[in-house]
Amino acid sequence: VSSFSFWSGDYEGFMSLLPIEPQDAILFSFGSYDFRTGCFRLAKKRGIPVEEIVYQTLFQTVYKLKFLREKFPLQPFIISSIVPPLRLESLHPDQQTEYCDNVSDSKRLGIYQTYHEFWTRQAPFLENTTFLDWTHEYKDSDGYCVPDLMRSNDMHIFNFRPALKCLETHLLNLSQP
């Protein structure tokens, strides 16, 4: 389900269409770009701080997950980390405005960090829900995304091996008693 559909659309209807079996885990992987850009644009439109929109969106997600928990009581829920932001300088000038929406590197990094800290704290309080931070090998020492693991002049990962290995380990740990 796309981030937009989850936050603004018929997420329940979409989830009901998926062939989810009792032994399946459900991974919620929200788009980093969708999350950040949506929050910045809504904050600008409403004239309120972006941090307020970020927390509104995250708590709305908790509410929706609690609702989905009733529909899928047996399945473990996994909340996936979002991709850390790229530094503006690592993007082609034509993509800087689209990707960064005229928002500073530090402000975009702050949104990533808020998302990460929120789910690290909140996931344990949601029944049978964990937070998966697969981004360790994708970040530099300051927390920004390493451009070498991204498509050239793009905001999409091209090397998924570290992320998939992290997911595999996480799923194996979930299946252990």
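FYI, side chains are in, hydrogens and waters are out, and symmetry mates aren't considered; it's all heavy atoms of this structure.
The hydrophobic clustering, which links ILVMFWY residues whose side-chain heavy atoms are closer than 4.5 Å, places F40 and L42 apart. Side-chain heavy atoms closer than 4.5 Å link hydrophobic residues (I, L, V, M, F, W, Y) into clusters, and following such links, possibly through other members, connects L164 to I78. Both L58 and F28 are part of a single hydrophobic cluster, where members link through side-chain heavy atoms under 4.5 Å apart. The hydrophobic clustering, which links ILVMFWY residues whose side-chain heavy atoms are closer than 4.5 Å, places L109 and W119 together. Put simply, L65 and F67 are part of the same group of oily side chains (I, L, V, M, F, W, Y) that touch within less than 4.5 Å, one to the next.
With sequence neighbours left out, the ring pair (Phe, Tyr, Trp, His ring centres under 6.0 Å) criterion links H170 to no other residue. Take Y144 and apply the ring pair (Phe, Tyr, Trp, His ring centres under 6.0 Å) test, not counting sequence neighbours, and it matches no residue.
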Exercise. Would you check, one step at a time, whether the test side chain to side chain contact (heavy atoms under 4.5 Å, CB included) holds for R46 with Q56?
Key: CA-CA 13 Å; R46 292 186 182 171; Q56 285 176 7; 3.3 Å; yes

Quiz prompt | side chain to side chain contact (heavy atoms under 4.5 Å, CB included) assessment of I79 paired with T130 | solution = CA-CA 6 Å; I79 308 299; T130 55; over 6 Å; no

Practice problem: Determine, step by step, whether F30 and T61 satisfy the side chain to side chain contact (heavy atoms under 4.5 Å, CB included) criterion, reporting the C-alpha distance in whole Å, the side-chain angles of both residues, the deciding distance to 0.1 Å, and the verdict. | Solution: CA-CA 11 Å; F30 302 115; T61 305; 4.0 Å; yes

Practice problem: Show the numbers, then the answer: is there a side chain to side chain contact (heavy atoms under 4.5 Å, CB included) between K139 and V83? | Solution: CA-CA 9 Å; K139 295 186 290 193; V83 178; over 6 Å; no

Exercise. Could you walk me through whether T135 and Y112 pass the side-chain hydrogen bond (donor to acceptor under 3.5 Å, both in side chains) test, one step at a time?
Key: CA-CA 11 Å; T135 63; Y112 166 80; 2.8 Å; yes

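Between the side chains of S81 and Y115, no donor N or O sits under 3.5 Å from an acceptor N or O.
Using a 4.5 Å heavy-atom cutoff, the side chains of V146 and E137 are not in contact. Counting heavy atoms from C-beta outward, Q23 and L74 have side chains that stay 4.5 Å or more apart. For the pair D142/R87, a side-chain contact is recorded, criterion being any heavy-atom separation below 4.5 Å from C-beta on. In this structure, the side chains of F59 and Y63 stay at 4.5 Å or more apart for every pair of heavy atoms. Taking 4.5 Å as the limit, every side-chain heavy atom of K71 sits out of range of all side-chain heavy atoms of M15. Counting heavy atoms from C-beta outward, T57 and C39 have side chains that approach closer than 4.5 Å.
Taking 4.0 Å as the cut-off between side-chain N and carboxylate O, K107 and E51 count as a salt-bridged pair.
Distance CG/L86 to SG/C145: 5.0 Å, rounded to 0.5 Å. Once rounded to the nearest 0.5 Å, the distance linking CG of L18 with CG of D24 reads 10.0 Å. Atom CG of L17 is separated from atom CD of E12 by 10.5 Å, given to the nearest 0.5 angstrom. Between the CG atom in D133 and the SG atom in C166 there is a gap of 7.0 Å [rounded to 0.5 Å]. From N173, atom CG reaches atom CG of L132 across 10.5 Å, with rounding to the nearest 0.5 Å.
Across every non-hydrogen atom of T120 and P124, the tightest pair is O-CD, 3.4 Å. The two residues I48 and E52 make their nearest non-hydrogen contact at CD1-OE2, 3.7 Å.
Both cation-pi conditions hold for R69 and F77: the charged atom is under 6.0 angstrom from the six-membered ring centre and inside a 45 degree cone around its axis.
Distance alone, capped at 3.5 Å, places no donor-acceptor pair between the R108 side chain and the P84 backbone.
Crowding of R161 atom CZ: a count of heavy atoms from other residues, nucleotides or ligands under 6.0 Å not exceeding 12.
Taking the six-membered ring for Trp, F118 and F131 have ring centres at least 6.0 Å apart.
Classified by interplanar angle (parallel below 30°, tilted 30° to 60°, perpendicular above 60°), the ring pair Y138/W134 is perpendicular.
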